[in-house]
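So that the names make sense, note that chain A is the first sequence line, chain B the second, and so on, each numbered from 1.
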Amino acid sequence: MHLSRYFLPILRETPKEAEIVSHRLMLRAGMVRQEGAGIYAWLPLGLKVLDKISAIVREEQNRSGAVELLMPTIQSADLWRESGRYDAYGKEMLRIKDRHERDMLFGPTNEEMITEIFRASVRSYKQLPLNLYHIQWKFRDEVRPRFGTMRSREFLMKDAYSFDLDKEGARHSYNKMFVAYLRTFARLGLKSIPMRAESGPIGGDMSHEFIILASTGESEVFCHKDYLDYAVPGEETDFDDAAGLQATVDKWTALYAATSEMHDAAAYEAVPEASRVSARGIEVGHIFYFGTKYSEPMGAVVASPDGSQKPVHMGSYGIGPSRLAAAIIEASHDEAGIIWPDAIAPFNVAILNLKAGDGATDAACATLERELTAKGLEVLVDDTDERPGAKFATADLIGLPWQVIVGPKGLTDGKVEVKRRASGERISLPLADVAQHIGG
RNA sequence: CGGGGCAUAGCGCAGCCUGGUAGCGCAUCUGCUUUGGGAGCAGAGGGUCGCAGGUUCGAAUCCUGCUGCCCCGACCA
């Protein structure tokens, strides 16, 4: 992609409404544009990031055995009357009427609908366990949307719903998601810590929030520092090995970790002082088991082995990709701009043509673009007629992992400079070595 | 939902108190000179001053109502 042909509306100054760093940087880097309170348009650069985050989320859901579908954003109120939540949900739900004056709503979540889909087709325990998920826009009419896409009213959410015959099965399903989440966040370049969360009316130990530490985080968290060094389960994880998964979950829940709402000062004091971490965190995922809360009122039952009809045990599991985009920036930036982890960078490499229009630099950039693209890398060539300083600033702002700086000065020796955005490290390389250096 | 604030060119702001032809910086366009960390000079374009009423000879400015947005707090992927 050539920057002169792209749509990247960079802001040199910070819009005054943006208070936190991720919001400022997303606006400045031309990733999003606010269209209303808590409502954002995703511009090309932001959309690429959102898509990459979603792709990783999707891969890890699939790996764990979950099955993707896609439910609508608009739902009928009748469905919600069945569960009793049409009245219970309150003003956070955006209620609308269609032309026939029927009560509709823009879905804030999909428990009712997935339960409806399930009960329509599943009759036997033999079809269990089942985990269905989708990645779809949600709307929650928050009293006070803020922090850009971190707390927006319209947001993208991956929500998965598991169905099992009994609680033990549900625990296995829960553990699958637990491990899938650890892997997902790690792949996104984040150190996530599962923290015991409010588990609602069901009680028990099956509700966790996945928190990443960031100084600008919304909640105060307390945990054992060893969590930060735990290796996440690898690709070889066998999600059908219930005992193995349980052991992993046990390991990841053995040490102290809690948000301020669940904080137990006495238990925290028991952690050796040198191992205590008190910090701020951002919730990037939430998983919980809720038993038969929806299956019972909505009649989602299956035949059990003894022939009796049993309401299924369910759990739901959420990750917000649109929030993650902001959370990742909160966790990875500096004064100059965003520092994208390789896995979700909108482009892998920026080629800065310091003298666009010059035959030698143009030719070198074209060669580099071809070679890097051939390595499977996505390349953004800054071929605008900006001055070098402006190009450096733009490249740092949008935070692509690699910058290849091509200028007349270096080219007289046949060399270009390669800069790693994260470390700031620059090395001078012969043109011919660049693709190998970056693309391996 | 309680409390506070803002609304003037794409972005950041001044002007309002004390009413009298709407300004600055950046950005944009043209030309020349520049070109390795957000260039310089010269010129140009762009705003029914959030909306609706009112006061007045005259309103960005004073008054009333409305709308939108932001911040702090209680709630949330």
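Across the C1' atoms, C16(B) and A7(B) are found 14 Å apart, a figure rounded to whole Å. Atom name C1', nucleotides C32(B) and G25(B): the rounded distance is 23 Å, in whole Å. With both ends at atom C1', the span from C26(B) to U18(B) equals 32 Å, rounded to whole Å. Spacing between A22(B) and A9(B) at atom C1', rounded to whole Å, works out to 11 Å. Spacing between G12(B) and U55(B) at atom P, rounded to whole Å, works out to 35 Å. Between A59(B) and G43(B), the distance separating the two C1' atoms is 34 Å to the nearest Å. A gap of 42 Å separates the P atoms of G58(B) and A42(B), to the nearest Å. One P atom belongs to C49(B), the other to U8(B), and the distance between them is 11 Å to the nearest Å.
For the pair Arg95(A) and Tyr86(A), the distance from NZ or CZ to the six-membered ring centre is under 6.0 Å and the angle to the ring normal is within 45 degrees.
Aromatic pair Tyr256(A)/His263(A): centroids less than 6.0 angstrom apart. The aromatic ring centres of Tyr6(A) and Phe347(A) sit less than 6.0 Å apart.
Heavy atoms of Arg28(A) sit under 4.0 angstrom from at least one base atom. Lys91(A) comes within 4.0 angstrom of the backbone, heavy atoms only, and of no base. Nucleic acid contact class of Lys355(A) (heavy atoms, under 4.0 Å, all strands): none. Within 4.0 Å of Asp159(A), counting heavy atoms only, lies no atom of the nucleic acid at all. Thr14(A) comes within 4.0 angstrom of the backbone, heavy atoms only, and of no base. Residue-level contact check: Leu354(A) touches the bases, meaning some heavy atom is under 4.0 Å from a base atom.
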field: Verdict with supporting geometry, Phe155(A) and Lys138(A), side-chain contact (heavy atoms from CB on, under 4.5 Å)
entry: CA-CA 5 Å; Phe155(A) 60 97; Lys138(A) 306 292 188 291; 3.6 Å; yes
- request: Let me see the working for Tyr289(A) and His313(A) under side-chain hydrogen bond (donor to acceptor under 3.5 Å, both in side chains), right down to the final yes or no.
  value: CA-CA 8 Å; Tyr289(A) 162 76; His313(A) 287 246; 2.7 Å; yes
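Contacts classified as side-chain hydrogen bond (donor to acceptor under 3.5 Å, both in side chains) and involving residues 184-194 of chain A (residues at least two apart or in different chains) are given here: Glu59(A)-Arg187(A), Glu60(A)-Arg187(A).
With both pairing distances under 3.5 Å, C1(B) is matched to G73(B) as a Watson-Crick or G-U wobble pair. Checking C41(B) for Watson-Crick or G-U wobble geometry (two distances, each under 3.5 Å) identifies G31(B) as its partner. Base pairing annotation: G47(B) forms no Watson-Crick or G-U wobble pair, as no partner gives both donor-acceptor distances under 3.5 Å. Nucleotide G68(B): paired with C6(B) (Watson-Crick or G-U wobble, both distances less than 3.5 Å). With both pairing distances under 3.5 Å, C62(B) is matched to G54(B) as a Watson-Crick or G-U wobble pair.
Regarding Leu352(A), its CG atom lies at a distance of 13 Å from the C1' atom of G38(B), rounded to whole Å. For the pair Glu386(A) CD and U35(B) C1', the computed distance is 12 Å after rounding to whole Å. Distance CD (Gln403(A)) to C1' (G38(B)): 14 Å, rounded to an integer number of Å. In this structure, Asp385(A) places its CG atom 14 Å from C1' of G38(B), rounding to the nearest Å. Atom pair Arg387(A):CZ and G40(B):C1' shows a separation of 9 Å (rounding to whole Å applied). Rounded to an integer number of Å, the gap from CG of Asp334(A) to C1' of G37(B) is 14 Å.
Evaluation of atom-type donor-acceptor distances gives a pair under 3.5 Å for the side chain of Glu13(A) against the base of G25(B).
Between Ile328(A) and the options Leu190(A), Val284(A), Val49(A), Ile212(A), a side-chain contact (heavy atoms from CB on, under 4.5 Å) holds for only Leu190(A). Among Asp362(A), Asp358(A), Asp385(A), Thr384(A), the single residue meeting the side-chain hydrogen bond (donor to acceptor under 3.5 Å, both in side chains) criterion with Asn353(A) is Asp362(A).
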statement: Quick tally for nucleotides 65-77 of chain B: nucleotides whose base has a protein heavy atom under 4.0 Å get B, sugar-phosphate-only ones S, the rest -, giving ----SSBBBBBBB
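Under the 30°/60° scheme for interplanar angles, the aromatic rings of Tyr230(A) and Tyr227(A) are found to stand perpendicular.
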